[in-house]
Number of protein chains: 2
Amino acid sequence: MSRMTTAATAVDPAQRLRTAQDLFIGRWGEMGQTWGINRTMAEIHALLYIVAQPLCTDDVMERLHISRGNASMSLRALCDWGIIRRMHKRGDRKEFFESLSDVWEMFSIIAAERKRREMDPVLETIKQCQRMIDEKSLGKQAANQLDVQLTRQRLMGMEEFVEVTNKIFQQFIGNAKSGLTRVVKVLLKAF
Amino acid sequence: MSRMTTAATAVDPAQRLRTAQDLFIGRWGEMGQTWGINRTMAEIHALLYIVAQPLCTDDVMERLHISRGNASMSLRALCDWGIIRRMHKRGDRKEFFESLSDVWEMFSIIAAERKRREMDPVLETIKQCQRMIDEKSLGKQAANQLDVQLTRQRLMGMEEFVEVTNKIFQQFIGNAKSGLTRVVKVLLKAF
DNA sequence: CCATCCTTTCAGTAGTTACTGAAAGGATAC
DNA sequence: GTATCCTTTCAGTAACTACTGAAAGGATGG
């Protein structure tokens, strides 16, 4: 009997489509977890992206088997990020949500946010540390001159790294699709 | 009294250095959390990086106020990642740990691992989804031809994105410092 | 103004991850 | 062999994060 069921679902095209979408949604959810994003948020985003049409809160709840509260809060968070968008349908009281369609644009948004939240504070801290141990403020009387020297070197190494990475991010941010594929071509030519 | 203490610590160069290092360690730990890495692991790594000398388990425990078990397991995990390294000192029974000194190399290692664990599975899933809904297997009899079309488009969009991103990662991986600064120069010239 | 429909909030709880400390497991020295 | 020193493991617990569902909070329509 289980074989018959499998065969039947395999043949029904609508079910087949749905299964493929679910596969994508599941994987996206797992990926989200290894980044800072939680599973549900990532899954909702994947769902809205893959179906490519506006869905309402109840659609999302039903498809992902999550509670109303969870759906509401996750949808709001995704809107705050700016990678999905609220939508009205005329004559319908419900609110609908849809994903940005351009993956490149989504990436730009996310990259900008991550730069702001992750790179920038590190860079600031590094500079603050450097000020704390620079020659003037620390003087040369220190017994542990070597330690200071080592730390100073490491701070500089890290600073350079973060600054260069920042510049690379900068290239991505604000350069949607066309710009990015050009970046890749340039890179491939350069190496 | 607290004022006198503050003044005293501010002037003592050794303490000053330590405070600066702690600042860096703390920030690095916070950042780690927004990535998948947990706070302690990130802090240990930051500590080993910033002091730029090998430390033993007890040094780490003491400096970060963590238990032996936690230190042991986190150190091992960092070794597994390959961004710190075990070290013996002649005539000393203890094992010491030190961070890679080259930030670019550390980044390459991390990027390679993330590509393998995050990009590759997504790409594979996308291709699997595409196979599930391609013309041959699904046929044209489907009532929901539009839905299929939409999903197909989105899968293609995502596939292109992941593939291009993969290529960019590829450029970073295995191109340590010199290669990367060149990448940046190329990018800056191109835009 | 009430009824209806939909959204948001939030206290409580389930589920997960991180951490401790004690005990067991080596290795080396004598 | 035993003693010493160091590392690893892991059961138990603490801390945290995600989720639910019910209740409160709007908005729109009649």
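Numbers restart at 1 for each chain; the letters A, B, ... are given by sequence-line order, proteins then strands.
Mapped onto DNA chain C by nearest heavy atom, A/G69 and A/K94 fall at different nucleotides, with A/K94 at the one closer to the 5' end. Mapping B/R86 and A/S74 onto DNA chain D by nearest heavy atom places B/R86 closer to the 5' end of the strand. For the pair A/T57 and A/Q33, both in contact range of DNA chain C, the more 5′-proximal nearest nucleotide belongs to A/T57.
Distance, A/L64 CG to D/dC19 P: 11 Å, rounded to whole Å. Atom CE in A/M73 sits about 10 Å away from atom C1' in D/dC19, given to the nearest Å.
Residue A/R76 is classed as a sugar-phosphate contact, given heavy-atom separations below 4.0 Å to backbone atoms only. Within 4.0 Å (heavy atoms only), A/N38 reaches sugar-phosphate atoms of the nucleic acid but no base atom.
Reading DNA chain C from its 5' end, the first and the last nucleotide to sit under 4.0 Å from a heavy atom of chain A are C/dT4 to C/dC10.
Residues A/I44 and A/I66 are in side-chain contact: their nearest non-hydrogen atoms beyond the backbone lie under 4.5 Å apart.
Other residues, nucleotides and ligands place no more than 12 heavy atoms under 6.0 Å from the CD atom of A/E124. More than 12 heavy atoms of other residues, nucleotides or ligands sit less than 6.0 Å from atom CE of B/M61.
The two residues A/T151 and B/I50 make their nearest non-hydrogen contact at OG1-O, 3.5 Å.
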Using the 3.5 Å cut-off, write out each protein N or O paired with an N or O of nucleotides 26-30 of chain D and the distance between them.
unit_1	atom_1	unit_2	atom_2	d
D/dT28	O2	A/R93	NH2	2.7
D/dG29	O4'	A/R93	NH2	3.4

>> B/D58 vs B/R68, test: salt bridge (charged side-chain N to carboxylate O under 4.0 Å, His left out). Steps then yes/no.
In response: CA-CA 8 Å; B/D58 291 80; B/R68 186 168 300 282; 3.0 Å; yes
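The CD atom of A/Q149 sits 11.0 Å away from atom CG of B/L17, with the distance rounded to the nearest 0.5 Å.
Scored by the salt bridge (charged side-chain N to carboxylate O under 4.0 Å, His left out) test, B/E95 finds B/R86 as partners (sequence neighbours excluded).
Checked by atom type and distance alone, the side chain of B/T34 pairs as donor or acceptor with a backbone atom of B/M31 at under 3.5 Å.
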